[in-house]
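What follows is a set of notes on a single structure, which appears directly below.
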There are 2 protein chains.
Amino acid sequence: MRSAGATRAKRMDTAEPMAGEKKSRKASKEIRKQQLIEATIDSLAKRGYAETTLANVADGAKLSRGIVNFHFESKENLLIATLQFMADEYAQHWSTALEKAGPSAAERMWALVAADFDRRMTTKRKLAAWCAFWGEAKSRPTYQALCGARDLNYQRTFEDLCAEMRIEGGYAYDAESAALAICSSMEGLWLRLMMSDGLTREAAHKAAIECIIGFFPKHIGREGPIKT
Amino acid sequence: MRSAGATRAKRMDTAEPMAGEKKSRKASKEIRKQQLIEATIDSLAKRGYAETTLANVADGAKLSRGIVNFHFESKENLLIATLQFMADEYAQHWSTALEKAGPSAAERMWALVAADFDRRMTTKRKLAAWCAFWGEAKSRPTYQALCGARDLNYQRTFEDLCAEMRIEGGYAYDAESAALAICSSMEGLWLRLMMSDGLTREAAHKAAIECIIGFFPKHIGREGPIKT
DNA sequence: GTATTTTGAATGATCATTCAGCAAGCATCT
DNA sequence: AGATGCTTGCTGAATGATCATTCAAAATAC
């Protein structure tokens, strides 16, 4: 194990220049928390939920054993904070993509799908961490709530887009079913990206695009949203 | 805890009539193993993977603490046997559905999708158990292999059906992407069935049907495969 | 009778949590 | 500037709880 001095030196290298007096302390605390969350994601990806121990996390962060309980009070709190972080990051990511997209429903849906298969989101590491939480969500209300909140806005946004295109295109199905099928498909593709080594991010993205083309053939083509 | 006598009496009620002398012993062993596997699925569904202990399983089966190690040697063996059992059952289920289906690709696909949302397969109990294993599959090669084997034949069958209809209908996409999108969608729907209380089996099945209609509009309609 | 199955207490390993003590940052005083 | 004391952050050994596994003895089947 590394000495405390080395660790601290490293932190000071990477941390901000410490302008204010109170700020530097607070920043340090947040940075340390984030460091532990990243180490938790690493361990979840490497060892899975059941085999992730506080010792693993601490070792991964190159810190001592008691550190997690000092910053998070308990293992459960650490895991909740980790899931919270991933959920926030995910929401932030697709929200930003939506803002940057064009005004039409087709453009917005295309952007949402692209965001879901963005290289930054589909790391094996993050997919595995998501999946670890999914596996435990059934029996843990807190995880279920956080995983569910991930969807709630996303799915509603998706439903609105589906409804808009449905009316424009005169499609026969109902918007809820379409949104459900498409969102589920993307989640299932995430699952497979994580599980099998044979599937690439690009192939998964392509499959998702075929899926939305199936639902909105007048609005979306293989090359992108269809301009009218 | 119940007495051993009561348990055994119950087993003899439900077990086969015990014809041969050697056979009855062997049967008893298999029955006891199955009983423990069922208790494991119960515990996975109720408590999740991480919190499932051998004591839970034994209590659930109304048997004593050491029983699992006697029949399965280790906790790991029990879990592998449980996953194996679920995988076999699943494969058996869709294979049977496929055999019973009509000869056309559309009929066969309709039957496969219906099988996936059959009441017997989409119990919260079983979905939760599947999901518990998915969550650990990333870091456990044995689980990964068993979960993957689940797909291998299924997906290949699906790809063949997609390819057949694609040629008949002159659809523009490639069969692999279509099969991937549809299979993933169904897996994602399973995930959601397990997670959220708001989604019903029927709604999930409907969404899956809309998905395949999108891919094969000339072959499949909302009421079933389209006869030509 | 012997062989098989089951029990449940004992064992030892793993792990989360605690906490007394150490180190570093920071302000105040000389 | 250097010394002093206070606060915050961190360490790692100790603690106690949980749990898989073992096994001697008991129960049951044959």
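No hydrogens, no waters, no symmetry mates; every other heavy atom, side chains included, goes into these values. Note that the structure is predicted; figures quoted are calculated from it, not measured.
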Distance check: side-chain N/O of A:Asn69 vs OP1/OP2 of C:dA16, anything under 4.0 Å?
-> no
Flag side-chain contact, heavy atom, 4.5 Å: B:Lys138 against A:Arg47 = no
Residues A:Glu176 and A:Arg156 bridged, charged N to O under 4.0 Å | no
Aromatic plane relationship, A:Tyr154 with A:Tyr90 - under 30° parallel, 30 to 60° tilted, over 60° perpendicular = tilted
A:Lys29 side chain: which of D:dC10, C:dT6, D:dG9 is closest?
-> D:dG9
Kindly point out which of D:dC10, C:dG8, C:dT18 is positioned nearest to the side chain of B:Arg65?
-> C:dG8
Gap between atoms CG and P, on B:Asn56 and D:dC19 respectively (whole Å) | 7 Å
Distance in angstrom units between A:Leu63 CG and C:dA23 C1', rounded = 15 Å
Counting heavy atoms from C-beta on, name the nucleotide in D:dT21, C:dT7, C:dA16 closest to the side chain of A:Leu54.
-> C:dA16
Donor-acceptor pair between A:Thr52 and A:Ser43 side chains, under 3.5 angstrom | yes
Among residues 71-84 of chain B, which residues get a heavy atom nearer than 4.0 Å to DNA chain D?
-> B:Ser74, B:Lys75
pair B:Val113-B:Met186: side-chain heavy atoms closer than 4.5 Å | yes
Do A:His71 and A:Leu78 come within less than 4.5 Å of each other through their side chains, counting heavy atoms only?
-> no
Under 3.5 Å, which N/O atoms of the protein pair with N/O atoms of nucleotides 14-18 of chain D?
none

Whole-Å distance, B:Ile67 CD1 to D:dA27 P, equals 16 Å
Donor + acceptor pair across side chains of A:Asp174, A:Ser177 (<3.5 Å) | yes
Atom pair distance, as rounded to whole Å: CZ in B:Phe70 and P in C:dA9 | 19 Å
Roughly how many Å is it from CG in B:Asp59 to C1' in C:dG8, rounded to a whole number?
-> 12 Å
Counting side-chain heavy atoms from CB outward, which of C:dG8, D:dT21, D:dT11 is closest to A:Ser64?
-> D:dT11
Is there side-chain contact between A:Leu79 and A:Glu136, with heavy atoms separated by less than 4.5 Å?
-> no
B:Trp190 side chain near B:Phe117 side chain, heavy-atom distance below 4.5 Å | yes
